[in-house]
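None of the values given here were measured: they were computed from a predicted structure. Numbered from 1 within each chain, the chains take letters A, B, ... in sequence-line order.
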Amino acid sequence: MTASLDPALTAKLRILADAAKYDASCASSGAPKRAAGKGGLGSTTGAGICHSYTPDGRCVSLLKILLTNYCLFDCAYCINRRSSNVPRARFSVREVVDLTLAFYKRNYIEGLFLSSGIIRSPDYTMEQMMLVAKSLRQDHGFAGYIHLKAIPEANPWLIEQAGLWADRLSINLELPNETSLARLAPEKQAPAISAAMGQMQQRIVEAKAERRRFSPSGQSTQIIVGADATDDAAVLAKSAALYGDFKLRRIYYSAYSPHQAVSAALPAKPPPLQRENRLYQADWLLRYYGFTATEIAAGGEGGMLDLEIDPKLAWALKNRGQFPVDVNQAPREMLLRVPGLGARAVEKIIAARRFSRLRLADVARLSSGLKRMLPFLITEDHRPAQTDRLDLRQRLAVQPSLF
Amino acid sequence: MQTRIALAPGADLPGFRAAVRGLVARGVKPREVLWETGASLFGAAPPQDGPAFSLPRAAAELIGLVICHRDPARHALLYEMIWRLRHGEPHLLEMRHDKLTHRLEMLAKAVRRDLHKMHAFVRFRRVEDAQGERFLAWFEPDHHILEATSGFFVNRFRSLVWSILTPEGTLHWDGTRLEIGPPGQRGDVPERDEVESGWLDYYQSIFNPARLNTAMMQKEMPRKYWRNLPEARLIPELVAQAPARVEEMIARAAAMSAKRDPQKAVAAMAAQTPTTLAALNRIITASPPFLAGSTRAVLGEGVMQPAIAFIGEQPGDEEDAQGRCFVGPAGQLLDAMLARAGIDRAECYITNAVKHFKFEQRGKNRLHQSPTTGEIKHYRWWLLKELELVRPRLVVALGASAALAVGGQPVCVTQARGPAQLGDWPAFVTTHPSYLLRLPDEQARRAAEAAFLQDLRAVRRLAQTHA
Ligand code: SF4
């Protein structure tokens with residue numbers, strides 16, 4: 001038994017974890033439930049587990065590393081681009097496999113999230129990543145979570161092979177439109193990215209129908225915001241299209257940070273982190289609350305979401321004519337639009353109101369956002385007088401800021 | 001009159017169940033019961049069993065969770081719930097606004113969170129000695145969840161030998177059997193682990209100092225857990241150093257790479273797409289079969305820029321053995337028909353949609369199995385590249401699989417039979433020769449053969465017009 005890990009290996013680990021930290025799409029959720037068979041190691045629970053939190057408040061769920069941060073591409077927004085001045089390192093397939101297993105056995109992680117800079121060629125790199133996943137599954141009976149970042153420029157055959165072993169394959173869109181991509185990531189090709197996403201979507205559907213395994217927890221992607229001039233309305237329209245066309249499970253928004261790259265092509269100032277947060281909230285409204293991208297954008301000004309108040313409240317304030325709604329009668333679609341009322345609370349309300357007429361105290365037990373919904377909601381014992389007050393926005397905007 | 005019920009400390013589900021059955025059988029009202037737990041319960045009645053009765057599923061789940069809560073009122077609350085469910089309020093649990101339901105839900109939520117945090121925050125340390133390899137952990141849950149959590153750890157670490165020690169008891173898994181033992185002590189778990197320093201390295205490297213947000217961290221990972229999390233001891237330092245690290249990141253990002261721009265490598269990378277058939281065939285040969293079991297990839301054959309390219313479905317047993325396409329019975333039939341139609345095979349190109357043999361082993365025989373849509377599409381990228389490089393004037397799809405592979409859309413052969421446009425290719429759709437071999441009825445086979453021959457003659461004429 002060695003006293004500690006090989007120092008050369010930990011030096012690489014530091015470099016390659018540091019290089020991976022800007023990718024936010026690191027959840028372990030969505031995998032089908034799976035338990036280790038006899039002699040096997042690992043399970044997935046469906047919901048995903050955060051094994052730790054770093055002081056930036058982010059969840060540590062997977063061993064999130066790059067296979068290498070050497071890269072032949074020169075994407076302006078990325079710290080690993082070939083013209084960037086960072087220390088470089090490269091793991092062997094075996095080293096990643098061993099580290100994953102060692103961390104997993106100590107319950108530090110749910111599994112592996114592997115991405116890579118592009119060395120030699122997209123094919124070569126994709127193959128190395130595929131081999132990591134294959135070795136974990138085949139040589140070690142590993143049943144934990146594996147997420148591979150596919151390289152859209154690679155031979156589709158290799159991407160398909162990777163899909164056999166991974167729980168999730170994903171491709172980062174990075175920039176919300178083709179012009180920005182061409183300007184900031186000269187080696188990347190927007191058509192290749194959407195072709196690869198389309199191909200994966202098809203395979204996922206076919207594999208389900210044929211009861212085969214192919215990236216069973218679906219696709220996700222990451223969009224960097226603030227690196228180009230795309231406004232929130234356009235980002236959300238893009239997201240809605242991605243959810244529609246490719247049935248993506250999730251889109252991650254990552255606020256561009258000039259700490260990663262100083263390139264004349266990029267703005268010197270980062271976008272406010274609150275913008276990222278508002279986009280996540282808006283994304284939620286798209287997926288679970290029946291809002292369209294246009295409606296959400298209309299809640300803001302000039303194509304940008306309101307940074308001071310959440311997008312649902314912003315929409316409600318601009319559509320006061322539709323409120324207040326009666327908690328005891330309103331249809332589900334309308335309850336979902338009440339500020340402060342979450343989708344789960346709406347389900348509880350609908351179940352509960354079959355048996356009694358709900359009062360304010362009842363609603364307080366069903367949801368924690370009572371204060372915010374007061375001006376918009378009618379209950380058995382409450383009828384808001386203030387829905388058209390001009391200062392409603394100011395009164396409701398006072399909320400603890402997220403950061 | 002009060003009925004005193006004594007239960008074992010912790011999550012005594014069997015005791016509680018027995019007690020409730022007894023109480024229900026005797027019709028004892030909730031306010032008449034005094035629930036007690038602990039070792040020295042002098043004078044209290046041990047649970048008295050009664051007949052089983054049924055409860056809604058949601059109630060059973062709620063009981064399983066709430067019984068683990070450390071709130072001493074849990075038994076009374078649960079019994080009140082059971083009573084009300086059985087006395088005119090069968091929908092009690094759907095009434096989430098009800099005070100009792102709400103309170104029970106809050107207790108269940110706390111237990112669920114505790115379970116989840118235990119799954120997340122247990123940290124094993126590895127020991128290896130004369131008894132072999134073991135993984136040990138010390139953890140302090142808030143509630144009585146030790147047993148409830150065991151399934152998770154067994155499912156996950158089935159092949160390891162491990163123990164989780166807590167102040168209330170110990171879980172021990174020897175690789176086949178779970179044992180629940182007496183309370184453990186922090187000191188029973190080793191101080192060190194050979195991989196832990198690597199984990200700490202990882203933890204600090206994955207942290208982004210430019211986005212410091214300790215409130216969010218503490219919401220999800222409250223301080224009470226920190227003493228059992230090895231990485232938590234880094235937190236104060238990481239927070240203190242964050243501003244300096246951000247400065248450093250900015251300075252580093254501003255500097256351009258000192259290395260020479262790898263122009264050559266970039267150019268070499270751009271040239272990776274195969275530009276010759278030989279290069280494509282090398283990739284195909286080197287790739288593992290998507291369908292397990294086949295011996296080798298069977299490549300296309302024939303002349304470049306031919307008048308006609310024939311696309312079959314996939315290699316069969318004979319083709320797999322010889323490594324050449326259309327050499328089995330279907331291939332021989334095709335040859336004969338081509339000769340009769342006046343098409344010279346030596347002037348054509350011939351290949352398959354799927355490059356590997358797929359079969360089901362039946363005794364000694366390897367029975368051909370048709371590829372699925374997903375499999376055909378999986379191989380499609382190769383076929384399209386191949387056609388792009390071979391550049392035939394006319395593509396003949398032999399059967400539905402070939403037509404799907406060329407055009408990307410499912411095609412019904414009986415309907416689409418004849419000239420067609422498949423994707424970018426001027427094409428002709430007809431049956432696969434093996435279809436003729438499978439027809440048992442002599443008359444039907446003759447008719448099909450004649451039709452196939454007629455198709456091939458049409459193909460020949462069409463190829464001439466494309467010339
Ligand atoms: S391909 Fe672009 S985004 Fe990916 S590592 Fe290389 S430079 Fe960064």
Side-chain angles (χ1 to χ4, degrees), chain A residues 1-5 10 13-14 17-18 21 35-36 39-43 49-57 60 64 72 79 82-86 102-103 105-108 120-121 123 156-157 160 202-203 206-207 210 212 257 259-262 273 348 351-352 355-356 358 362 365-366 403, chain B residues 91 94-97 102 119-120 122-124 128 135 155-160 193-195 197-199 201-203 205-208 210-214 216-217 220-221 229 231 235 238-239 246 249-250 252-258 261-262 265-266 269 272 287 372-374 377-378 381-382:
Chain A
M1 180 176 120
T2 46
S4 60
L5 288 180
T10 47
L13 175 59
R14 263 182 263 130
D18 188 89
K21 74 177 159 214
L41 173 72
S43 61
I49 297 175
C50 290
H51 283 269
S52 195
Y53 289 82
T54 44
D56 50 22
V60 182
K64 176 166 69 171
L72 290 174
I79 191 159
R82 66 172 188 262
S83 60
S84 148
N85 179 41
V86 285
F103 276 21
K105 286 178 180 172
R106 287 158 179 82
N107 204 38
Y108 301 157
R120 225 182 290 175
S121 72
D123 277 7
W157 177 265
E160 307 247 331
Q202 274 195 359
R203 282 320 166 277
E206 285 158 6
E210 293 166 14
R212 274 189 297 112
S257 146
H259 310 120
Q260 295 163 52
V262 174
L273 284 180
K348 290 185 203 168
F355 307 102
S356 53
L358 302 177
D362 295 329
R365 280 189 287 270
L366 294 170
F403 291 102
Chain B
H91 296 292
E94 288 153 76
M95 295 158 64
R96 303 288 281 271
H97 61 293
H102 180 247
H119 297 163
V122 157
R123 295 286 180 265
F124 283 114
E128 195 170 13
F135 290 84
N155 275 340
R156 180 156 291 198
F157 301 110
R158 194 176 292 281
S159 59
L160 306 179
D193 176 280
E194 76 242 25
V195 175
S197 70
W199 167 240
D201 281 329
Y202 175 69
Y203 181 81
S205 309
I206 207 73
F207 159 59
N208 185 351
R211 301 179 56 125
L212 198 62
N213 183 357
T214 48
M216 184 73 135
M217 169 184 67
E220 297 296 343
M221 197 169 82
L229 289 168
E231 66 271 25
I235 293 172
L238 290 179
V239 173
V246 175
M249 282 160 78
I250 295 173
R252 194 170 71 179
M256 280 303 274
S257 168
D261 203 11
V266 175
M269 167 182 73
Q272 68 144 342
S287 301
T372 62
T373 305
K377 295 242 188 103
H378 194 126
W381 183 80
W382 281 349

Smallest separation among heavy atoms of [X] and [Y], with atom names:
X      : Y      : answer
B:G198 : A:L5   : CA-CD1, 3.7 Å
B:S205 : A:K21  : O-NZ, 3.2 Å
A:D56  : B:I206 : OD2-O, 4.1 Å
A:P55  : B:I235 : CG-CG2, 4.3 Å

Interatomic spacing from [atom1] in [X] to [atom2] in [Y] - rounded to 0.5 Å:
X      : Y      : atom1 : atom2 : result
B:R158 : A:L41  : CZ    : CG    : 11.5 Å
A:N107 : B:F124 : CG    : CZ    : 6.0 Å
A:L358 : B:R96  : CG    : CZ    : 13.0 Å
A:F355 : B:M95  : CZ    : CE    : 7.5 Å
B:F135 : A:R106 : CZ    : CZ    : 5.0 Å
A:L366 : B:H97  : CG    : NE2   : 7.0 Å

For the pair B:W199 and A:Y108, name the ring-plane relationship: parallel under 30°, tilted 30 to 60°, perpendicular over 60°.
parallel
For A:R14, is it the side chain, the backbone, both or neither that has a heavy atom under 4.5 Å from a heavy atom of chain B?
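Contact with chain B involves both backbone and side-chain atoms of A:R14.
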With respect to chain B, which residue among A:S43, A:S356, A:G57, A:A35 yields the maximal number of heavy-atom pairs within a distance under 4.5 Å?
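Of A:S43, A:S356, A:G57, A:A35, A:S43 has the most heavy-atom pairs under 4.5 Å with chain B.
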Can you tell me which portion of [X] sits under 4.5 Å from chain A's heavy atoms? Options are side chain, backbone, both or neither.
X      : value
B:L160 : side chain
B:H102 : side chain
B:E94  : both

